[in-house]
Protein chains: 2
Amino acid sequence: MTATTDQDAALRIASGRKPFVEPLRLGDRLREIRLANQWTLEDVSQRTGLARSTLSKIENDQISPTFTAVQKLIGGLDIDLPQLLSPPRQKARTMGRRDLTRRGQGQQHPTPTYEHELLSCELAQKRMIPFKTIVRARSFEEFSEWVRHDGEEFLMVLDGEILLYTEFYEPLRLESGDSIYFDSDMGHALVSVSHEDAVVLSVCTTAENA
Amino acid sequence: MTATTDQDAALRIASGRKPFVEPLRLGDRLREIRLANQWTLEDVSQRTGLARSTLSKIENDQISPTFTAVQKLIGGLDIDLPQLLSPPRQKARTMGRRDLTRRGQGQQHPTPTYEHELLSCELAQKRMIPFKTIVRARSFEEFSEWVRHDGEEFLMVLDGEILLYTEFYEPLRLESGDSIYFDSDMGHALVSVSHEDAVVLSVCTTAENA
DNA sequence: GGTGTGCGTTCACTATAGGAAACCTGTTTC
DNA sequence: GAAACAGGTTTCCTATAGTGAACGCACACC
């Protein structure tokens with residue numbers, strides 16, 4: 001098993017899968033936007049080039065608009081697609097979730113090179129994955145290949161000292177308190193260089209963005 | 001000026017703005033995904049319930065799929081809509097950016113209650129905003145109102161001890177090494193309770209998700 | 001070189017989305 | 001209170017999206 005798949009697996013477990021069956025009441029949403037702006041069907045018709053009747057039918061879920069129609073909508077109303085589809089999420093989100101992890105109480109995920117401790121893993125559907133890692137690797141050769149995954153990663157050294165190898169840059173020496181932000185689809189790998197194994201805190205973005 | 005606007009301003013400065021104009025070649029994109037997965041039209045047909053012929057026409061831009069068809073597509077291929085529309089972003093992103101911040105070298109943003117140090121602020125267009133904060137506040141009354149902002153926040157106590165006040169929960173005592181993840185549109189506020197002012201590392205999501 | 005098989009495109013037909021105008025409300029105006 | 005009006009729904013037609021079957025093409029296999 002490669003370093004990449006190890007890490008990937010850990011991330012997948014941590015992020016939780018998206019059930020998400022698309023309830024998607026497009027009509028309601030459109031009406032909502034229209035009324036919020038105090039627009040009549042005629043107004044929207046002018047803006048989008050779609051007939052008044054068509055708009056009425058879309059709002060009442062009597063037809064399923066063509067994709068070109070949807071484009072006219074988002075163009076004419078000057079909104080973006082996610083906005084047209086995502087009022088439920090905003091609503092669902094307003095109740096404040098939270099997930100506490102006491103020191104050392106995260107979920108352990110050991111690999112040959114890293115010992116990950118996943119934080120806040122009670123919570124599914126989150127946009128970031130935080131984890132604390134003890135860097136066991138002592139040389140770059142211990143990695144069979146680059147670690148890489150979609151998205152972005154932020155990393156701060158909590159203890160010890162590391163070398164950060166990246167695909168496109170010279171290795172970088174980071175000491176306790178130093179931090180770095182990078183595109184994590186660029187290959188990367190950490191190696192401890194201090195006497196004790198270094199400890200770093202990482203936060204990755206998830207694919208939840210949508 | 002309230003605590004809320006202080007924080008908001010800081011976040012806005014740190015995140016950078018998105019232009020984004022929507023070119024949109026749906027057919028090409030679908031074919032791309034299909035071939036990337038080594039699927040035949042028949043495979044996709046099975047997965048989505050759409051006829052082979054229909055899929056062919058969509059790929060060749062001979063028809064504009066109905067919205068229900070698009071839903072079947074994203075459902076059957078297990079992708080989400082943005083993914084179907086946004087190959088350009090992925091491509092543009094593949095060049096690995098990075099942004100190093102040495103200990104104490106972040107951008108300072110003092111407020112009456114917090115002293116923020118923005119990390120990785122060279123980089124615009126990022127999906128997370130990391131910052132280190134010294135919590136000066138010593139009582140909840142020092143906040144004129146709840147701090148709140150869209151998105152999610154991860155927080156780890158680096159030094160000292162804090163009370164985390166949140167809108168919907170009892171105050172929570174966090175010590176060095178403890179961490180918490182929460183919806184940041186829920187009102188929240190930190191107060192130091194240790195002898196010295198506590199230091200926390202926070203990471204917020206940005207609105208870049210779309 | 002026939003013939004079978006798999007994959008994409010095209011054809012002919014049916015189902016449905018989009019548009020123009022008629023049709024319903026309430027509301028306002030004189 | 002009739003008439004004019006404004007905003008939304010329904011009707012009816014036509015343009016087009018969606019389907020199954022037929023077709024074309026390449027690459028096997030013998």
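Below, read A as the first sequence line, B as the second, and so on, with proteins coming before strands; counting in each chain starts at 1.
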Regarding [X], tell me which of base, sugar-phosphate or nothing describes its non-hydrogen contacts under 4.0 Å with the strands shown.
X	value
Thr54(A)	base
Thr40(A)	sugar-phosphate
Thr66(B)	sugar-phosphate

Going 5' to 3' along DNA chain D, which nucleotides are the first and last within contact of chain B (any atom under 4.0 Å from a heavy atom)?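 That gives a stretch of dA17(D) to dA22(D).
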Measure up the His149(B) and His188(B) rings against each other and bin them: parallel (under 30°), tilted (30 to 60°), perpendicular (over 60°).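 Answer is perpendicular, since the angle exceeds 60°.
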Side-chain (Ser202(A)) to main-chain (Leu155(A)) donor-acceptor, under 3.5 angstrom: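 Side chain of Ser202(A) to backbone of Leu155(A), a donor-acceptor pair under 3.5 Å: no, none is there.
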Identify whether the distance between the nearest side-chain nitrogen and carboxylate oxygen of Glu152(A) and Lys126(B) falls below 4.0 Å.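 Answer for the salt bridge query: no.
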Of the options Arg103(A), Arg102(A), Gln105(A), which is the one that meets Asp178(B) in a side chain to side chain donor-acceptor pair (under 3.5 Å)?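 Per the side chain to side chain donor-acceptor pair (under 3.5 Å) rule, the option paired with Asp178(B) is Arg102(A), out of Arg103(A), Arg102(A), Gln105(A).
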Please tell me which of Ser53(A) and Gln62(A) maps to the more 5' nucleotide of DNA chain C, matching each residue to the nucleotide holding its nearest heavy atom.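 This one resolves to Gln62(A).
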Begin with the C-alpha distance, continue with both residues' side-chain angles, and end with the deciding distance and a verdict on ring pair (Phe, Tyr, Trp, His ring centres under 6.0 Å) for Tyr114(B) and Phe143(B). CA-CA 10 Å; Tyr114(B) 297 137; Phe143(B) 295 89; 5.6 Å; yes
Please compare Ile63(B) and Leu41(A) by the position of their nearest nucleotide in DNA chain D and report the one closer to 5'.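 That would be Leu41(A).
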Cation-pi check, Arg98(A) onto Tyr169(B) ring (under 6.0 Å, within 45° of axis):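 The answer is yes; both the distance and angle limits are met.
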Are Arg34(B) and dG8(C) close enough that a side-chain N or O sits under 4.0 Å from OP1 or OP2?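 Checking dG8(C) against Arg34(B), a side-chain N or O does come within under 4.0 Å of OP1 or OP2.
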